[in-house]
Structures are given as C-alpha cells and as structure tokens.
**Q** 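Pasting in a structure now, in structure tokens, and then I'll have a few things to ask.
Values below: every heavy atom of this structure, side chains too, minus hydrogens, waters and symmetry copies. Position 1 is the first residue of the sequence, and the numbers go up from there.
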Amino acid sequence: MAMTAAKKAQRAEVLRVGIYLFDKVELLDFAGPCEVFSVTSELNHFGLFQVLTVSQDGRPIQTIHGLRVVTDYSFDNHPPIDILVIPGGVGTRSEIKKEKVLQWISRVNHQAKITMSVCSGAVLLGKLGLLDGLEATTHHEVLDLLQQTAPRALVMPEKRWTDNGRVMTSGGISAGIDLSLHLVSKFYGQEVMKKTMAYMEYGDWRTT
C-alpha cells in the first residue's frame with residue numbers, strides 16, 4: 001500500500017531553523033516564519049522543523065517597536081542550522097556594518113541547506129555577494145538600497161519571493177510567511193503546507 005504524504009512527513013528528517021535576531025528587527029519578519037515552521041512541527045507530532053533563535057551575543061534583543069525578545073543562542077554556542085532566516089528592519093542598516101555578523105552569516109550559509117531573507121534582510125545577503133547573478137526581492141522601500149548593495153543581483157520588484165535553490169528572498173514583512181510556506185511545501189509537500197495554512201487561517205498564500 002502506498003504511503004500517504006502525512007505518514008511520509010512523520011518519518012521525514014527534522015530540519016533545524018535558525019532565525020537571526022538583532023536590535024530594531026521588524027517583528028513580523030521573524031515571527032511570521034517562526035509561526036509557520038513551529039505550527040508545521042506541532043501539526044506533525046512536533047517533527048519536521050525545530051525552530052531556534054540566535055543573536056550575536058545571546059542576549060535579549062529589542063524589536064523596532066520595543067518588544068524585547070529572549071534569544072536561545074549566541075554565535076558561539078548554537079547547534080548546526082539547516083535553514084537560516086535573516087529578517088529585516090531598520091536594524092539591518094547597523095548590522096551590515098558589523099564584520100562579525102557578516103562573517104557569521106557567511107559561515108552558516110555555507111553549512112546550511114537553505115538561506116532565506118525577509119524584507120531588508122536581503123541587503124545583508126547582497127553585501128556578502130550571495131545574490132550575485134540571482135533573482136532577489138525585498139520590501140518596496142528597500143529596492144534601491146538592495147540594487148546599490150548587490151549590483152549584480154537581478155532585483156525583481158514584482159515578485160513576492162524568489163527561490164534560487166539554496167538562497168531565497170522575500171518581500172516586505174508578511175511575504176516571509178509566503179516564502180516559509182513555500183519551503184514547507186518544498187521539503188514536505190502540498191498536503192503538509194495546506195494543513196499549516198488551514199490552522200493559521202492564512203488564505204492569501206501565493207506561488208510567486
């Protein structure tokens with residue numbers, strides 16, 4: 001008898017999602033993907049994804065609107081990451097100038113299966129040359145900055161998200177939810193993705 005998608009998902013590899021957090025990060029940029037991957041895990045016997053957060057020094061960070069968030073790990077003590085999530089926000093303007101941050105992103109990207117950005121998080125990937133020759137998108141107010149930072153990237157303002165295989169980008173804020181759902185489907189199939197969408201009552205997911 002053929003194995004159903006649900007049973008295949010139960011036996012699937014658990015992917016560790018590492019979300020980078022920093023001061024003045026946009027809340028929904030990271031909370032949206034966190035919710036998608038966490039709900040998917042919960043609906044599948046707490047498998048498929050394990051979500052963790054990382055800040056540079058492991059200390060709490062403060063989002064752009066003042067919410068304080070306690071992180072799980074620092075650059076020095078986090079476990080291996082399969083999916084690296086780089087959110088955006090005003091704080092990216094400072095993060096792009098920090099050599100230790102750029103070195104860490106570069107190192108984890110090299111080891112991860114997927115690196116994805118949300119909103120202006122794409123600028124950090126562009127600074128590292130990770131978007132050279134690839135399609136990329138970001139928040140509509142950051143498109144010019146992304147083009148300046150990554151002149152060799154193919155900036156696609158009309159796209160909600162882009163999938164270049166290992167490196168992916170998404171537009172502003174809520175678009176990170178769409179890209180995260182795409183990743184759920186990419187790894188575990190449409191049935192698992194739709195189950196997550198139904199639970200989240202998220203009805204505006206798009207394929208591109």
**Q** Is it possible for you to say whether Leu21 and Leu102 belong to one hydrophobic cluster, with membership spreading through side-chain heavy-atom contacts below 4.5 Å?
**A** yes

**Q** Is a side-chain donor-acceptor pair under 3.5 Å present for Asp163 with His182?
**A** yes

**Q** Show, in sequence, the C-alpha distance, side-chain angles and deciding distance for Ser117 and Thr169, and conclude whether the side-chain hydrogen bond (donor to acceptor under 3.5 Å, both in side chains) test is met.
**A** CA-CA 5 Å; Ser117 67; Thr169 64; 4.9 Å; no

**Q** Apply the side-chain hydrogen bond (donor to acceptor under 3.5 Å, both in side chains) test between Ser120 and each candidate in Thr92, Thr149, Asp29, Thr138; give the one that qualifies.
**A** Thr92

**Q** Group every Ile, Leu, Val, Met, Phe, Trp and Tyr by side-chain heavy-atom contacts under 4.5 Å, then state whether Val184 and Leu43 land in the same group.
**A** yes

**Q** Over all heavy atoms of both residues, which pair between Met168 and Leu125 is shortest? Give the atoms and the distance, please.
**A** O-CD1, 4.3 Å

**Q** Can you find a pair of side-chain heavy atoms, one from Tyr188 and one from Asn44, that are under 4.5 Å apart?
**A** no

**Q** Would you say NZ of Lys98 has more than 12 non-hydrogen atoms from neighbouring residues, nucleotides or ligands within 6.0 angstrom?
**A** yes

**Q** Distance only, no hydrogens: is a donor on one side chain within 3.5 Å (strictly under) of an acceptor on the other, for Thr71 and Ser55?
**A** yes

**Q** Does the distance from a Lys or Arg side-chain N to an Asp or Glu carboxylate O, for Asp178 and Arg160, drop under 4.0 Å?
**A** yes

**Q** Ring centroids only, cut at 6.0 angstrom: are Tyr20 and Phe75 within range, meaning strictly under it?
**A** yes

**Q** Within the 3.5 Å criterion, strictly below it, is a donor on Thr40 or Thr196 matched to an acceptor on the partner's side chain?
**A** yes

**Q** Do Tyr199 and Met193 land in one hydrophobic cluster if side-chain heavy atoms of ILVMFWY residues count as linked below 4.5 Å?
**A** yes

**Q** Do Val54 and Trp104 touch side chain to side chain, with heavy atoms closer than 4.5 Å?
**A** yes

**Q** Hey, are the side chains of Phe30 and Thr63 touching, using non-hydrogen atoms and a 4.5 Å cut-off?
**A** yes

**Q** Indicate whether the side chain of Ser74 and that of Asp57 have a donor and an acceptor atom separated by less than 3.5 Å.
**A** no

**Q** Are Lys24 and Gln62 packed together at the side-chain level, in the sense that at least one heavy-atom pair is separated by less than 4.5 angstrom?
**A** no

